[in-house]
Trainee: 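Sharing a structure here in structure tokens format.
Ligands are counted one by one from 1 in listed order, and the atoms in each one are counted from 1 as well.
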Amino acid sequence: MKKRTWMCVMVACVMLLATACGASGDSPEGSGANEKLVVGFAQIGQESGWRDAETASIQFYAGQNLDTIDLKFADAQQKQENQIKAIKSFIEMDVDVIGLAPVVETGWDAVFTEAKDAGIPIVLVDRMAAVDESLYATFIGSDFIEEGKNAAIEMSALLGGSGKIVQLEGTVGASAANDRKKGFEDEIAANHPGIEIVASQTGDFTRAKGKEVMESFLKTYGNEIKGIYGHNDDMALGAIEAIKEAGLKPGSDVVVVSVDGVKGIFEAMAAGEANVTIECNPLLGPQFFQACQTLKDGGTVEKWIKSEEGIFRADTAAADLPNRKY
Ligand code: GZL
């Protein structure tokens with residue numbers, strides 16, 4: 001009896017020991033055989049519906065692949081210093097790839113160099129950074145200059161080529177704001193001389209600020225304003241509220257052209273309160289993680305993975321709405 005009991009105790013101990021050393025199938029401690037893709041993502045914040053859709057896309061994809069992806073996610077509350085802190089912590093953790101949407105274009109050289117020196121590639125998502133190409137692996141995102149140009153063409157068509165308009169700009173220093181402004185203003189200057197931008201100011205990509213700035217524009221210019229160009233739909237939706245509160249009709253007295261393609265602007269277009277949205281795809285999760293996996297496996301990716309996007313107008317908004325994914 002005693003012998004059998006002793007044998008059972010021995011077997012139990014061996015099994016316990018094996019489990020403790022991860023013999024249960026996990027990669028053993030320190031073996032470096034961790035097959036998971038470990039990614040750090042420094043997100044800007046939650047400033048717009050578009051941003052929330054992008055965050056959801058990234059987190060959903062990681063959540064669907066828990067066995068192969070370990071996502072470390074940081075929300076910087078729209079502060080560059082928080083994004084830089086997050087990148088430094090990802091370097092400390094020695095993640096495989098660092099992803100971020102740079103809140104502004106400048107101020108990244110030092111921390112990107114730290115990542116490069118640590119052998120950790122950087123993937124830029126939806127916004128560019130003004131750094132040497134050697135400091136990032138790829139940019140996954142849109143052509144903001146093209147978006148601005150298309151917005152100008154649509155605005156001019158809505159106004160028959162002439163009229164006074166105002167511009168709600170995105171976050172100061174953000175590549176999406178800089179280039180949507182450049183694309184729009186260059187197109188107006190080159191091909192639509194009858195369109196006059198009488199005022200232009202940042203609304204920081206938020207609905208609340210967009211409304212506040214539009215209120216100030218309306219106080220100064222009133223019904224002289226025939227159109228508003230918003231660098232994103234959220235600011236345009238804020239402007240629509242201000243236009244209505246000023247007793248004017250958005251979508252007719254004041255035409256509304258913006259960028260993103262969020263559900264809210266489709267609802268406004270279907271209600272006759274907005275006219276055009278230039279799509280900017282936030283559903284970048286799958287492309288992002290595919291690029292990260294390629295980089296982890298030692299492969300290369302193209303320097304710019306460009307999003308394909310459309311232009312959506314009020315006349316099809318009601319039909320488009322059910323098909324919108326964000
Ligand atoms: C565009 C993205 C912009 C969106 C805004 O790629 O950076 O930031 O257009 C968001 O809605 O705030």
Trainee: Does Cys280 have a heavy atom less than 4.0 Å from any atom of ligand 1?
Mentor: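 It does, in that a heavy atom of Cys280 comes within the 4.0 Å cut-off of ligand 1.
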Trainee: Can you find an N or O of Asp260 that's nearer than 3.5 Å to an N or O of ligand 1?
Mentor: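 Indeed, backbone or side chain, Asp260 has an N or O that close.
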Trainee: Cation-pi between Arg180 and Phe184: NZ/CZ under 6.0 Å from ring centre and within 45° of the ring axis?
Mentor: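 No, a cation-pi geometry is absent between Arg180 and Phe184.
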Trainee: Taking 4.0 angstrom as the limit, do Asp126 and Arg51 come out as a salt bridge?
Mentor: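 Looking at Arg51 together with Asp126, the answer is yes, because their closest N to O distance falls below 4.0 Å.
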Trainee: Return the orientation label for the Trp304 and Phe139 ring planes: parallel under 30°, perpendicular over 60°, tilted otherwise.
Mentor: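 Rings of Trp304 and Phe139: tilted, as their planes differ by 30° to 60°.
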Trainee: Using heavy atoms and a threshold below 4.0 Å, how should the contact between Gln78 and ligand 1 be classified: side chain, backbone, both, or neither?
Mentor: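 Near ligand 1, Gln78 shows nothing, with every heavy atom at 4.0 Å or more.
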Trainee: Can you tell me which residue and heavy atom of the protein come closest to atom 2 (C) of ligand 1, and the distance to 0.1 Å?
Mentor: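 The protein heavy atom lying closest is Asp126 OD1, 3.2 Å.
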Trainee: Does a donor on one side chain sit under 3.5 Å from an acceptor on the other, for Gln167 and His231?
Mentor: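 Note: Gln167 and His231 side chains meet the donor-acceptor criterion.
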Trainee: Mark yes or no: Arg324 above the aromatic ring of Phe312, with NZ or CZ under 6.0 Å from the six-membered ring centre and no more than 45 degrees from the axis.
Mentor: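 Yes, a cation-pi geometry holds between Arg324 and Phe312.
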Trainee: Check ligand 1 against Arg180 and write out every atom of the ligand that is under 4.0 Å from a heavy-atom position of the residue.
Mentor: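 Reading through ligand 1 atom by atom, the close ones are 1 (C), 4 (C), 9 (O).
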Trainee: Check whether Tyr136 forms a cation-pi arrangement with Lys303 (NZ or CZ under 6.0 Å from the six-membered ring centre, at most 45° off the ring normal).
Mentor: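 Here Lys303 passes the 6.0 Å and 45° test against Tyr136.
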Trainee: Classify the ring geometry between Tyr61 and Phe289 as parallel (under 30°), tilted (30 to 60°) or perpendicular (over 60°).
Mentor: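 Answer is parallel, since the angle falls under 30°.
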Trainee: Is Ala174 touching ligand 1 with its side chain, its backbone, both, or neither, if touching means heavy atoms under 4.0 Å apart?
Mentor: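 No part of Ala174 is near ligand 1 at this cut-off.
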Trainee: I'd like to check which ligand 1 atoms, numbered from 1 as shown, lie under 4.0 Å from a non-hydrogen atom of Phe144.
Mentor: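 What qualifies from ligand 1 is 1 (C), 6 (O).
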Trainee: Report the nearest protein non-hydrogen atom to atom 12 (O) of ligand 1: residue, atom name, distance rounded to 0.1 Å.
Mentor: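 Looking at atom 12 (O) of ligand 1, the protein heavy atom closest to it is Glu47 OE2, 2.5 Å.
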Trainee: What residue and heavy atom of the protein are closest to atom 3 (C) of ligand 1, and at what distance?
Mentor: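 The closest one turns out to be Arg127 NH2, 3.8 Å.
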Trainee: Report yes if Ser48 has an N/O atom closer than 3.5 Å to an N/O atom of ligand 1; otherwise report no.
Mentor: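 Among all N and O atoms of Ser48, at least one is under 3.5 Å from an N or O of ligand 1.
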